[in-house]
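Throughout, a chain's letter reflects where its sequence line sits, starting with A, and its residues are numbered from 1. Side-chain atoms are counted along with the backbone in the values below, which use heavy atoms only and exclude waters and symmetry mates.
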Number of protein chains: 2
Amino acid sequence: MPSLKIKSSRNIPEKILKTAIHLFTNRGYFSTSVSDIVRESGVSTGSIYHHFGDKEGIARALFEMLVLRMENAFDDIERQHDTAQARCRAVIKLLFQITEEEPEVMTYMLFVKHEEFMLGTAPICSSKPFRQMREMVAEGMDSGEVRPMDPMVAAASIFGGALRMISMRLDGILQQPLTEYLDELWSSAWRSVCQ
Amino acid sequence: MPSLKIKSSRNIPEKILKTAIHLFTNRGYFSTSVSDIVRESGVSTGSIYHHFGDKEGIARALFEMLVLRMENAFDDIERQHDTAQARCRAVIKLLFQITEEEPEVMTYMLFVKHEEFMLGTAPICSSKPFRQMREMVAEGMDSGEVRPMDPMVAAASIFGGALRMISMRLDGILQQPLTEYLDELWSSAWRSVCQ
DNA sequence: GATACTAGAACGAACAGTCGTTCTAGTCAA
DNA sequence: TTGACTAGAACGACTGTTCGTTCTAGTATC
């Protein structure tokens, strides 16, 4: 997580966010009370409300931070690779790495129903990172790497398997680290859409 | 939904369950109060507790009913088809149909985090229907229809795209009914694992 | 057929506890 | 001294649940 450097030497907002993502992903947003966050973070109620306004504000800050981080990572990938094949593979590799290194981050991004508590928020798959993923596939179709087909079907075919693996890994059904499945999964995924 | 015939001519448990699945999927479990269910169903608080014990009991009854229904449907599919290819395709077709005809049922089955409120419940992908899906793929590998590979990767590759399409459809990103994508999606999915 | 009785289904006002939030007092760096 | 920040007790709204009562339909008795 890119540490948001903030003036206070004790960096209270970061403490709050770290505790929050841990509790939100393990117990769920509604089963986490503000008092729980106070207790586990060692930060007072007053500070929490001073920095984030309300409980939803914590969830929102967390979400925006992680989405932004993902956007930047995808921008990097687009810069570092120039074929759809290489880009999509790099995206999956990145998602697998994050899942292994920071499972709570991946859980919060992909498998938390933000609309339920962040009122007026669009579902995660209409967020920019997901759009970037679909665009990579669409560009691959324009360039002839990906065979002509419905763009949504193509995107679902390329990334669907990987997202399924992530979901199973986070649910404890896969024992081995995701990175060990990467090559085999990618060759299957690419077979489904290549010319 | 298979109507649980119950003596009472007014069939109160069914009224409660219908209201509950509607509210749970649209607002979320925690944002739905028992009073909301009382108001929308026209059933009294007392009756709800008489039939289901507590709020969680409603969610649990709903879940068990829908999982059972899915198990039976998959059993039928296994009886009616004898190749992995035909079985897997039939499963996807069925899931697409349910998504179109009863989106709330599909939402509740796939995209509600039951562990958060039904304490001690395993995640949905360790439930029997999901195991049945993985077994169909494994059998296809034994028979030589599916090329040799990690069984989990094979299952994720076959069903991942379809589940992604369902998710996008339920989130309102796909305008057309899923059934229109079935042929194209299936041919992609099968390409990824066939010999 | 009429009556008395019974079991369980339905009701909803009342309760105890928890939650998110507010507020006043205090701390500390500049 | 000032102003940003921290602290945590206090508050009111709301939640899931309970429980005493009423209603309903079926059975036994006459």
Any salt bridge linking A:E40 with A:R27? Criterion: basic side-chain nitrogen under 4.0 Å from a carboxylate oxygen. yes

Note: A:R131-A:E135 ion pair, threshold 4.0 Å (strictly below): no

How would you summarise protein contacts on nucleotides 14-23 of chain D per nucleotide, using B for base, S for sugar-phosphate only and - for none, with heavy-atom distances below 4.0 Å? -SSBB-----

Which letter, B, S or -, goes with each nucleotide of nucleotides 24-30 of chain C from 5' to 3', with contact meaning a protein heavy atom under 4.0 Å? -------

To the nearest Å, how far apart are [X] [atom1] and [N] [atom2]?
{"X": "A:I48", "N": "C:dG20", "atom1": "CD1", "atom2": "C1'", "result": "11 Å"}
{"X": "A:K15", "N": "D:dC5", "atom1": "NZ", "atom2": "P", "result": "16 Å"}
{"X": "A:I16", "N": "D:dC5", "atom1": "CD1", "atom2": "C1'", "result": "12 Å"}
{"X": "A:R60", "N": "C:dG20", "atom1": "CZ", "atom2": "C1'", "result": "16 Å"}

Which residues share a ring pair (Phe, Tyr, Trp, His ring centres under 6.0 Å) with A:Y181, sequence neighbours left out: none

Please name all residues satisfying ring pair (Phe, Tyr, Trp, His ring centres under 6.0 Å) with B:Y29, sequence neighbours left out, ordered by chain then number. B:F24, B:F117

By the ring pair (Phe, Tyr, Trp, His ring centres under 6.0 Å) test, which pairs, at least two apart or in different chains, include something from residues 63-87 of chain A? A:F63-A:H114

Has A:H50 got a side-chain N or O lying under 4.0 Å from the OP1 or OP2 atom of D:dT6? no

Can you list every side-chain hydrogen bond (donor to acceptor under 3.5 Å, both in side chains) pair that touches residues 56-67 of chain A, not counting sequence neighbours? A:E56-A:R60

Go through C:dC11, D:dT6, C:dA9 for me and flag the one nearest to the A:S44 side chain. D:dT6

So, applying side chain to side chain contact (heavy atoms under 4.5 Å, CB included) with B:M70, which one of B:V105, B:V91, B:L95 is it? B:L95

